[in-house]
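Just passing along the structure, written as structure tokens.
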Amino acid sequence: MIKLDNTICLVTGAGSGIGRAIAVQLAEAGGMVVAADRDIDNARDTAAASTGRIVARYVDVTEHAAVSELRDGVLKDLGVPKVLVNSAGWDRIEPFMDNTREFWEEVVAINYLGPVEVCRSFLEPMISLGEGGKVVNIASDAGRVGSTGETVYAGAKGGVVAFTKSLAREVARFKINVNCVCPGPTDTPLFKAQPDKIKEALTRAIPFRRIAKPEEVAGAAVFFASDMASFVTGQVLSVSGGLTMVG
Ligand SMILES: NC(=O)c1ccc[n+]([C@@H]2O[C@H](COP(=O)([O-])OP(=O)(O)OC[C@H]3O[C@@H](n4cnc5c(N)ncnc54)[C@H](O)[C@@H]3O)[C@@H](O)[C@H]2O)c1
């Protein structure tokens, strides 16, 4: 049984899908969860959907000022988060040759620089407190094995995987674990927004012949956020129903 007794946990992208499921499961395990999202109404719905302790906060992870404001507010009202989960993400499937530069910039800003900004901002108080902590980045199997129509996104998520490993090496001396979950196709609004042909082809390719539920991805993130993963760092876990089996 995973216990997070009163641990303050920050989850970005907690207004929907995988981030929402992670926030709910962290709260069920006893955590005090900050559900942060640029869609504050959805973040409030996440808090309302849980019987655990979840507070909703606004953040746009692409904006330095918004992340700093979130950090300052959380430190003042709740204390130092010892669990950081970066789940905010976004993509649109289209051929690389149709992508615009604006699209590349948005994909990289949300999916790569977002986790970088949140880690830079929140690791400072976590390191100062000196009690260790856990960082969990939600990347994607696109970043491990590639994905047609998601080329720049795959590059950004591959960046998250490499960032996870390097950061894990740097902050191990502070007893901070940094790990990464790579979801495969998962039943969330992000996946539903993709073209039907692609959704059907992906589902057929999965050995379990179905896509993941957000709760199944959340389980891996909660493991990494807990003391059960105390000696696990710099690792990448695919939750893909066997679609990918990376050695
Ligand atoms: N659903 C899948 O099939 C799948 C597969 C692989 C990886 N992922 C990854 O899992 C994570 C969660 O995705 P999901 O499927 O739950 O998507 P989702 O669209 O259901 O949820 C994403 C949440 O992130 C928020 N968000 C987006 N940009 C933001 C920003 N700049 N600042 C703050 N919040 C922002 C959105 O408002 C939304 O609430 C993402 O990082 C995504 O790339 C999802």
Side-chain angles (χ1 to χ4, degrees), residues 10-25 34-47 49 56-71 84-93 105-118 121 136-147 149-150 152-161 163-164 180-195 198-199 201-203 205-206 210-218 220-221 236-241 243-244:
L10 172 75
V11 184
T12 72
S16 176
I18 293 166
R20 172 176 284 178
I22 294 169
V24 168
Q25 288 187 20
V34 180
D37 204 291
R38 70 178 171 187
D39 188 327
I40 184 66
D41 289 338
N42 282 351
R44 289 197 181 107
D45 287 348
T46 299
R57 290 285 161 100
Y58 170 81
V59 75
D60 182 336
V61 297
T62 67
E63 286 180 14
H64 171 73
V67 174
S68 300
E69 202 173 309
L70 172 71
R71 180 198 56 202
L84 300 183
V85 182
N86 286 296
S87 188
W90 177 77
D91 191 26
R92 184 177 67 232
I93 292 182
E105 286 172 356
E106 192 170 5
V107 166
V108 172
I110 296 175
N111 295 287
Y112 182 65
L113 290 177
V116 172
E117 179 75 50
V118 170
S121 191
V136 185
N137 295 321
I138 309 303
S140 170
D141 266 349
R144 301 188 92 181
V145 299
S147 179
E150 297 191 287
V152 177
Y153 172 83
K157 292 296 194 179
V160 172
V161 170
F163 171 70
T164 298
C180 186
V181 176
C182 283
T186 306
D187 189 11
T188 70
L190 181 66
F191 183 74
K192 285 194 180 102
Q194 310 305 341
I198 289 175
K199 287 189 284 192
L202 280 169
T203 307
I206 296 170
R210 66 172 178 85
I211 61 171
K213 298 178 197 140
E215 295 74 21
E216 292 173 306
V217 180
V236 184
L237 177 58
S238 288
V239 182
S240 63
L243 176 63
T244 52

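In each ligand, atom 1 is the first atom listed, and ligand 1 is the first ligand listed.
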- Closest non-hydrogen atom pair, Gly15 against Thr46: CA-OG1, 3.7 Å
- Could you list the atoms of ligand 1 found under 4.0 angstrom from a heavy atom of Pro183? 5 (C), 6 (C), 7 (C), 8 (N)
- Item | For atom 26 (N) of ligand 1, the option (of Ser147, Ala88, Ser240, Pro115) bearing the nearest heavy atom | Ala88
- Before signing off on this row, confirm whether Val61 and ligand 1 have an N or O atom pair separated by under 3.5 Å. yes
- Message: Looking only at protein heavy atoms, which one is nearest to atom 20 (O) of ligand 1, and what is the separation?
- Response: Ser16 OG, 2.6 Å
- Flag for Asp37-Asn42: side-chain donor and acceptor within less than 3.5 Å: no
- Message: Only heavy atoms of Asp60, strictly under 4.0 Å: list the atoms of ligand 1 that pass.
- Response: 30 (C), 31 (N), 32 (N)
- Message: Could you identify the single nearest non-hydrogen protein atom to atom 17 (O) of ligand 1 and state the distance to 0.1 Å?
- Response: Leu190 CB, 3.3 Å
- Return a yes/no value for Asp37: is any of its N or O atoms, backbone included, closer than 3.5 angstrom to an N or O of ligand 1? yes
- Look at atom 15 (O) of ligand 1 and say which protein heavy atom is nearest, naming residue and atom and giving the distance to 0.1 Å. Thr188 OG1, 2.5 Å
- Task: Run the numbers for me: atoms of ligand 1, each under 4.0 Å from some heavy atom of Gly89, listed by number.
- Result: 22 (C), 24 (O), 27 (C), 40 (C), 41 (O)
- Which is it for Val11 and Leu84 under the side-chain contact (heavy atoms from CB on, under 4.5 Å) test, yes or no, and what are the steps along the way? CA-CA 6 Å; Val11 184; Leu84 300 183; over 6 Å; no
- Query: Which pair of heavy atoms, one from Ala14 and one from Ala23, lies closest together, and at what distance?
  - Reply: CB-CB, 4.2 Å
- Query: Would you say Glu69 has more than 12 foreign heavy atoms packed within less than 6.0 Å of its CD?
  - Reply: no
- Query: Nearest protein heavy-atom contact for atom 5 (C) of ligand 1: which residue, which atom, what distance?
  - Reply: Gly184 O, 3.3 Å
- Can you tell me which residue and heavy atom of the protein come closest to atom 2 (C) of ligand 1, and the distance to 0.1 Å? Thr186 N, 3.6 Å
- Query: N/O to N/O below 3.5 Å, does that happen between Trp90 and ligand 1?
  - Reply: no
- Message: Within the 4.5 Å heavy-atom criterion, are Tyr153 and Ile93 side-chain neighbours or not?
- Response: no
- Query: If you round to the nearest 0.5 Å, how far is NZ of Lys157 from OG of Ser147?
  - Reply: 12.0 Å
- Mark up the atoms of ligand 1 that fall under 4.0 Å of a heavy atom belonging to Val59, in ascending order. 32 (N), 33 (C)
- Short N or O distance, Ile18 and ligand 1, threshold 3.5 Å exclusive: yes
- Step by step, work out the salt bridge (charged side-chain N to carboxylate O under 4.0 Å, His left out) result for Glu216 and Arg210. CA-CA 12 Å; Glu216 292 173 306; Arg210 66 172 178 85; 2.7 Å; yes
- Query: Which residue holds the protein heavy atom closest to atom 43 (O) of ligand 1, what is that atom called, and what is the gap in Å?
  - Reply: Tyr153 OH, 2.5 Å
- Message: Under a 4.0 angstrom heavy-atom cut-off, which atoms of ligand 1 come close to Ser87?
- Response: 11 (C), 12 (C), 40 (C), 41 (O)
- Number the atoms of ligand 1 from 1 as they appear, then name those within less than 4.0 Å of a heavy atom of Gly17, with their elements. 16 (O), 20 (O)
- Query: So is there a nitrogen or oxygen of Asp39 less than 3.5 Å from a nitrogen or oxygen in ligand 1?
  - Reply: no
- Message: Give me the nearest non-hydrogen protein atom to atom 34 (N) of ligand 1 as residue plus atom name, then the distance to 0.1 Å.
- Response: Arg38 N, 3.3 Å
- Query: Which of the numbered atoms in ligand 1 are below 4.0 angstrom from a heavy atom of Ile138?
  - Reply: 10 (O), 11 (C), 41 (O)
- Query: Going by the order shown, which atoms of ligand 1 are within less than 4.0 Å of some heavy atom of Gly13?
  - Reply: 23 (C), 24 (O), 25 (C)
- Can you tell me if Asn137 uses its side chain to pair, donor with acceptor, with the backbone of Val181 under 3.5 Å? no
- Task: Report yes or no: do Ser238 and Arg144 form a side-chain donor-acceptor pair below 3.5 Å?
- Result: yes
